[in-house]
Amino acid sequence: MEVNEQLIENLANLARLRFTETETQSFKTDLQRMITFVEQLKQVDTTGVVPLLHMSETRNVLREDEINGSISREEALKNAPQKDNQFILVPKVIKK
């Protein structure tokens with residue numbers, strides 16, 4: 001694939017960027033190097049290679065849910081800075 005100024009201008013337009021002439025030449029060189037590298041990867045024989053789903057052999061270890069007792073309302077309200085008999089009071093953040 002050939003990288004030219006038109007391609008760089010199109011990519012810049014899609015990304016809503018503006019490049020100077022020097023930056024355009026620099027991006028042209030960098031993009032050409034990246035495309036050349038990807039084309040080299042296309043030549044690697046991958047027949048018989050299973051696609052990689054996870055980076056390591058470790059799987060997600062899940063535990064069983066256990067039902068435990070909860071704390072009482074009094075214990076939950078004990079350290080609240082502002083409270084009434086049933087709820088923790090918080091400052092109003094939404095104004096009408």
Side-chain angles (χ1 to χ4, degrees):
M1 177 177 185
E2 180 187 347
V3 178
N4 54 28
E5 284 78 18
Q6 182 61 35
L7 177 64
I8 300 295
E9 288 176 21
N10 189 24
L11 292 174
N13 183 40
L14 291 172
R16 304 296 190 254
L17 299 172
R18 289 193 182 121
F19 299 135
T20 64
E21 186 62 35
T22 307
E23 290 172 329
T24 300
Q25 292 304 318
S26 175
F27 285 123
K28 180 179 175 182
T29 303
D30 291 344
L31 190 57
Q32 186 63 51
R33 288 178 57 214
M34 287 185 258
I35 291 172
T36 302
F37 180 72
V38 171
E39 287 174 351
Q40 287 177 353
L41 290 177
K42 286 181 182 179
Q43 297 173 2
V44 175
D45 181 22
T46 58
T47 54
V49 177
V50 180
L52 182 65
L53 299 176
H54 300 281
M55 294 306 294
S56 67
E57 296 298 320
T58 306
R59 299 288 180 179
N60 194 7
V61 180
L62 302 175
R63 62 175 173 77
E64 294 295 322
D65 288 336
E66 296 176 5
I67 299 174
N68 295 326
S70 61
I71 62 173
S72 67
R73 179 174 286 155
E74 291 78 25
E75 288 178 292
L77 293 172
K78 184 169 56 173
N79 292 324
Q82 293 181 340
K83 58 190 174 226
D84 66 3
N85 291 339
Q86 294 183 342
F87 304 105
I88 297 173
L89 300 174
V90 295
K92 188 175 186 177
V93 294
I94 301 175
K95 298 175 183 171
K96 290 186 178 182

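With side-chain heavy atoms closer than 4.5 Å counting as contact, directly or through intermediates, Leu53 stands alone and belongs to no larger hydrophobic cluster. By the 4.5 Å side-chain criterion applied to Ile, Leu, Val, Met, Phe, Trp and Tyr, Val93 is assigned to a cluster that also includes Ile94. Using a 4.5 Å cut-off between side-chain heavy atoms of Ile, Leu, Val, Met, Phe, Trp and Tyr, Phe37 falls into a hydrophobic cluster with Leu41. Other members of a hydrophobic cluster containing Val44 are absent, since no ILVMFWY side chain comes under 4.5 Å of it, directly or through relayed contacts.
Screening residues 78-93 for side chain to side chain donor-acceptor pair (under 3.5 Å), with sequence neighbours left out, gives no hits. Pairs engaging residues 2-30 under the ring-ring contact (aromatic ring centres under 6.0 Å, His included) rule: Phe19-Phe27 [sequence neighbours left out]. Identified under the ring-ring contact (aromatic ring centres under 6.0 Å, His included) test for residues 77-96, with sequence neighbours left out: none.
Nearest heavy-atom pair across Thr36 and Gln32 is OG1-O, 2.8 Å.
Partners of Asn10 according to the side-chain contact (heavy atoms from CB on, under 4.5 Å) rule, which considers only residues two or more places apart in sequence or in another chain, are Leu14.
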Do any side-chain atoms of residues 63-72 form donor-acceptor pairs under 3.5 angstrom with protein atoms, and if so which ones, sequence neighbours left out?
unit_1: Ser72; atom_1: OG; unit_2: Glu75; atom_2: N; d: 3.2
unit_1: Ser72; atom_1: OG; unit_2: Glu75; atom_2: OE1; d: 3.3

Ignoring hydrogens and angles, write down the donor-acceptor pairs under 3.5 Å from the side chains of residues 1-9, residues two or more places apart or on other chains.
unit_1: Asn4; atom_1: OD1; unit_2: Gln6; atom_2: N; d: 3.3
unit_1: Asn4; atom_1: OD1; unit_2: Leu7; atom_2: N; d: 2.9
unit_1: Glu5; atom_1: OE2; unit_2: Gln25; atom_2: NE2; d: 3.1
unit_1: Glu5; atom_1: OE2; unit_2: Lys28; atom_2: NZ; d: 3.2

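Taken from CG in Asn13 to CZ in Arg18, the straight-line distance is 10.0 Å, to the nearest 0.5 Å.
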